[in-house]
Q: 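Before anything else, here's the structure in question.
For the single chain, residues carry numbers from 1 onward in sequence order. For ligands, and for the atoms within them, numbers begin at 1 and follow the listed sequence. On a predicted model such as this, the values are computed, not experimentally measured, just so you know.
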Amino acid sequence: DFSDPFISKRFRAADATPVPRFLSTRAQLYERVFPQYRQPVEIGGFSLDSQRSFFNDSRQLRYYVDPGKKPHFNLRDGYRDRFIKRDDGVKEKLDHILRWIVSNRAKLRSTPTSLSSSPLGVDFVTWRGHLTKVLTTPYETQEGWLLAVSYFRGTLYMSEVETEAARVNRENRTERHEEMMYWGYKFEQYVCADDVNSVPDRGGVVNTNEAFCTVVQTRLADHKLLFSGEVDCRDKDPAAPAAPACYIELKTSAEICTPKQRSNFNRFKLLKWWAQSFLPGVPRVVAGFRDHDGVVVSVETIHISKISQLIKNEHNCWKPTVCMNFCSDFLSFVKSVVKEDNPRLVYLFTWEPRRDVTYTVHRDSQYTFLPDWYINEITS
Ligand code: A3P
Ligand code: MG
Ligand code: MG
């Protein structure tokens with residue numbers, strides 16, 4: 001399905017530089033000075049309700065209620081009878097972010113954008129979760145990814161496509177795995193209140209359709225980014241700093257009993273936690289450590305800015321600078337490959353562990369992801 005270069009009046013750059021075919025993911029290649037990453041600024045947010053309906057406001061944002069150091073929460077409670085699980089077979093692509101953009105176009109256009117040639121004033125629009133996967137790529141040994149990119153009116157849109165392997169895993173999860181996925185959401189319910197003055201409702205239903213997502217703008221090297229990510233809760237202190245600094249990411253993890261478990265936690269879990277929260281500028285993770293029966297035995301706050309110190313003594317460990325430099329170079333690679341402004345053309349960037357990033361080009365295919373309603377809205 002490889003297309004020939006297509007002659008269009010709207011190419012990104014009218015130069016004849018050769019287009020690269022691949023990008024290496026070897027960590028050592030990215031061990032250089034930390035790239036410029038501007039403090040992320042929240043430019044808005046949106047909510048998805050219990051039916052997954054979109055609202056251009058923060059009605060689903062919850063408030064963190066400190067549970068103390070040893071709360072003994074039972075994370076298994078309610079799995080059978082008080083759990084409504086989002087259908088993860090439904091692929092929403094960038095639709096909610098596009099909906100937010102359409103609802104907030106005036107705000108976006110009035111933002112000073114200096115030399116930008118795009119009406120939105122950004123180079124990339126994507127989900128935070130997609131960028132997290134890019135950041136961790138030089139250290140990932142298990143799961144590959146597919147990222148679809150279309151160039152439309154001066155902005156590159158990047159939307160994940162589920163890999164065949166990920167689909168097989170999703171459709172064949174064990175009952176134990178299904179239940180353990182619930183534990184993370186149950187922990188959220190134990191430590192979150194719906195209103196600033198209320199308390200958590202541990203007897204309520206856990207519905208994973210509900211979400212609050214922040215929309216942030218930032219810049220990595222010369223890439224202007226607009227992305228959205230789910231926020232678990234916020235500090236309820238009215239004197240807390242403005243978003244995203246008041247946001248708190250919630251996590252669960254197996255309790256750490258041995259030096260080997262500590263090392264694995266630092267090398268694998270902290271990488272994912274760091275990448276997810278560093279990107280939107282969320283400063284803290286509250287971690288619930290649980291035993292094999294799903295009982296939370298301790299709760300700890302981890303400051304994202306202290307993680308690089310925590311891992312320094314770890315042998316052969318991941319480095320934040322490698323993650324950020326790889327991301328910057330990947331975005332440059334995308335810019336050098338995707339030149340034709342056409343929402344029906346998709347460049348599919350592919351990566352498998354121990355391989356280079358490569359791509360294929362697809363016209364009017366199953367991969368096209370920018371919906372007509374969005375194209376019509378932006379074009380008019
Ligand atoms: P934990 O983070 O406690 O594992 P998030 O932490 O990003 O807010 O996600 C909330 C919960 O969703 C997770 O809780 C986990 O249970 C589930 N979850 C998130 N990403 C997942 C993934 N890729 N696969 C399976 N479950 C996932
Ligand atoms: Mg979350
Ligand atoms: Mg979380």
Side-chain angles (χ1 to χ4, degrees), residues 45-48 52 58 60-64 67 71 73-79 83-89 91-92 96 127-136 140 142-146 160 162-163 165-192 206-214 227-234 244 247-256 265 268-280 282-292 294-302 304:
F46 58 87
S47 294
L48 303 171
R52 211 68 184 161
S58 59
Q60 293 289 350
L61 178 56
R62 295 179 293 178
Y63 296 83
Y64 178 68
F73 294 140
N74 176 12
L75 301 180
R76 307 183 78 157
D77 179 47
Y79 175 64
F83 179 31
I84 298 172
K85 185 173 171 273
R86 179 173 75 89
D87 181 353
D88 50 15
K91 301 304 172 194
E92 299 173 324
H96 298 306
W127 282 106
R128 176 272 308 276
H130 302 358
L131 292 173
T132 304
K133 289 196 177 179
V134 175
L135 256 66
T136 58
E140 177 63 48
Q142 305 292 314
E143 288 164 16
W145 46 251
L146 291 168
E160 186 177 36
E162 186 173 48
T163 64
R167 184 183 59 78
V168 169
N169 283 342
R170 177 169 58 79
E171 289 173 352
N172 295 283
R173 286 195 281 243
T174 63
E175 184 53 35
R176 168 86 178 168
H177 188 195
E178 284 286 342
E179 184 182 330
M180 287 177 71
M181 284 172 55
Y182 167 78
W183 293 0
Y185 298 108
K186 183 64 188 178
F187 179 64
E188 295 178 7
Q189 187 193 55
Y190 276 118
V191 300
C192 290
V206 171
N207 185 327
T208 60
N209 288 294
E210 297 175 4
F212 167 73
C213 296
T214 180
F227 58 83
S228 176
E230 199 204 334
V231 169
D232 292 335
C233 59
R234 62 156 292 157
Y247 292 152
I248 300 169
E249 172 60 40
L250 303 173
K251 290 289 180 196
T252 60
S253 197
E255 65 177 319
I256 297 165
F265 175 81
F268 305 109
K269 206 138 239 192
L270 275 187
L271 164 61
K272 303 256 163 103
W273 291 9
W274 172 83
Q276 182 187 27
S277 288
F278 180 77
L279 278 165
V282 171
R284 288 176 286 171
V285 173
V286 168
F289 292 95
R290 46 98 191 143
D291 65 18
H292 274 94
V295 174
V296 176
V297 293
S298 72
V299 173
E300 277 173 49
T301 297
I302 299 172
I304 295 299

Q: I'd like to check which ligand 1 atoms, numbered from 1 as shown, lie under 4.0 Å from a non-hydrogen atom of Tyr185.
A: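 Under 4.0 Å from Tyr185, ligand 1 has these atoms: 10 (C), 11 (C), 12 (O), 17 (C).
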
Q: Minimum heavy-atom separation for Phe289 and Ala254, please, with both atom names.
A: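 It is CD2-O, 3.6 Å.
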
Q: Is the distance from the Mg ion (ligand 3) to some N, O or S atom of Leu250 under 2.8 Å?
A: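 An N, O or S atom of Leu250 is closer than 2.8 Å to the Mg ion (ligand 3), so yes.
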
Q: In Glu249, which N, O or S atom comes closest to the Mg ion (ligand 3)?
A: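 Considering only N, O and S atoms, Glu249 comes nearest to the Mg ion (ligand 3) through OE2.
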
Q: Output yes when a protein non-hydrogen atom is found under 4.0 Å of atom 11 (C) of ligand 1, and no otherwise.
A: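 Yes, because at least one protein heavy atom sits under 4.0 Å from atom 11 (C) of ligand 1.
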
Q: Please check this pair: side chain of Asn74 against backbone of Val295, looking for a donor-acceptor N/O pair closer than 3.5 Å.
A: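 Such a contact is absent between Asn74 side chain and Val295 backbone.
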
Q: Purely on distance, is any nitrogen or oxygen of Met180 under 3.5 Å from one on ligand 1?
A: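 Min N/O separation from ligand 1 is not below 3.5 Å for Met180.
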
Q: Salt-bridged, Arg52 to Glu210, with N to O below 4.0 Å?
A: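 Result for this pair is no, no salt bridge flagged.
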
Q: Does the protein come close to atom 7 (O) of ligand 1 - that is, does one of its heavy atoms sit below 4.0 Å from that atom?
A: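 Protein heavy atoms within 4.0 Å of atom 7 (O) of ligand 1 - there is at least one.
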
Q: Taking only heavy atoms of Glu188 into account, list the atoms of ligand 1 that are under 4.0 Å away from them.
A: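 Within the 4.0 Å cut-off of Glu188, ligand 1 contributes 8 (O), 10 (C).
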
Q: Of the side chain and backbone of Asp232, name the one, both, or neither that has a heavy atom under 4.0 Å from an atom of ligand 1.
A: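 The answer is the side chain of Asp232.
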
Q: Could you tell me whether ligand 1 has any atom less than 4.0 Å away from a heavy atom of Leu250?
A: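 Per 4.0 Å heavy-atom rule, Leu250 contacts ligand 1.
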
Q: Are the side chain of Ser58 and the backbone of Leu61 linked by a donor-acceptor contact shorter than 3.5 Å?
A: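 No, the answer is negative, given that no donor and acceptor are paired below the 3.5 Å cut-off.
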
Q: Would you call Arg284-Glu249 a salt bridge at under 4.0 Å N-O?
A: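 No, Arg284 and Glu249 are not salt-bridged.
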
Q: Taking the Mg ion (ligand 3) as the reference point, name the nearest N/O/S atom of Asp232.
A: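 Of the nitrogen, oxygen and sulfur atoms in Asp232, the Mg ion (ligand 3) lies nearest to OD2.
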
Q: Set out, in order, the CA-CA distance, both residues' side-chain angles and the distance that settles salt bridge (charged side-chain N to carboxylate O under 4.0 Å, His left out) for Lys91 and Glu162, then state yes or no.
A: CA-CA 9 Å; Lys91 301 304 172 194; Glu162 186 173 48; 3.6 Å; yes

Q: Is it the side chain, the backbone, both or neither of Phe187 that has a heavy atom closer than 4.0 Å to ligand 1?
A: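 Phe187 to ligand 1: no contact under 4.0 Å from either part.
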
Q: Are Arg62 and Glu188 within salt-bridge range, i.e. N to O under 4.0 Å?
A: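 Salt bridge present between Arg62 and Glu188.
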
Q: Quick one: which ligand 1 atoms are inside 4.0 Å of a heavy atom on Glu249?
A: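 Those atoms are 5 (P), 6 (O), 7 (O), 8 (O).
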
Q: Determine, for Lys133 against Glu160, whether the closest basic-nitrogen to carboxylate-oxygen distance falls under 4.0 angstrom.
A: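 The answer is yes: the pair qualifies as a salt bridge.
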
Q: Given the protein's heavy atoms, is any one of them under 4.0 Å from atom 21 (C) of ligand 1?
A: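 So atom 21 (C) of ligand 1 lacks protein heavy-atom neighbours under 4.0 Å.
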
Q: Please report which non-hydrogen protein atom sits nearest to atom 15 (C) of ligand 1, along with the residue it belongs to and the distance in Å to one decimal place.
A: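 Nearest protein contact, heavy atoms only, for atom 15 (C) of ligand 1 is Met181 O, 4.0 Å.
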
Q: Any protein heavy atom under 4.0 Å from atom 3 (O) of ligand 1?
A: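 Yes, because at least one protein heavy atom sits under 4.0 Å from atom 3 (O) of ligand 1.
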
Q: Using 4.0 Å as the upper bound for N to carboxylate O, is an ion pair formed by Lys272 and Glu140?
A: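 A salt bridge links Glu140 with Lys272.
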
Q: I want to check a possible cation-pi pair here: Lys186 against Tyr190, using under 6.0 Å from ring centre and within 45° of the ring axis as the test.
A: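 Here Lys186 passes the 6.0 Å and 45° test against Tyr190.
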
Q: Which of the numbered atoms in ligand 1 are under 4.0 angstrom from any heavy atom belonging to Thr252?
A: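 By the 4.0 Å cutoff, the relevant atoms are 1 (P), 3 (O), 4 (O).
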
Q: Answer side chain, backbone, both or neither: which part of Glu230 comes under 4.0 Å from ligand 1, heavy atoms only.
A: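 Neither part.
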
Q: Polar-atom distance check: Tyr182 versus ligand 1, any N or O pair below 3.5 Å?
A: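 There is no such contact.
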
Q: Heavy-atom distance to atom 13 (C) of ligand 1: which of Gly229, Ala166, Gly129, Gly184 wins?
A: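 Shortest heavy-atom distance from atom 13 (C) of ligand 1: Gly184.
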
Q: With the threshold set strictly below 4.0 angstrom, can you tell me whether any protein non-hydrogen atom sits that near atom 17 (C) of ligand 1?
A: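 Given the 4.0 Å limit, the answer for atom 17 (C) of ligand 1 is yes, a protein heavy atom qualifies.
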
Q: Between Asp88 and Lys85, is there a salt bridge with N-O shorter than 4.0 Å?
A: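 Counted as a salt bridge, because a side-chain N and a carboxylate O are separated by less than 4.0 Å.
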
Q: Using 4.0 Å as the upper bound for N to carboxylate O, is an ion pair formed by Arg173 and Glu178?
A: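 Judged by the 4.0 Å cut-off on N to carboxylate O distance, Glu178 and Arg173 do form a salt bridge.
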
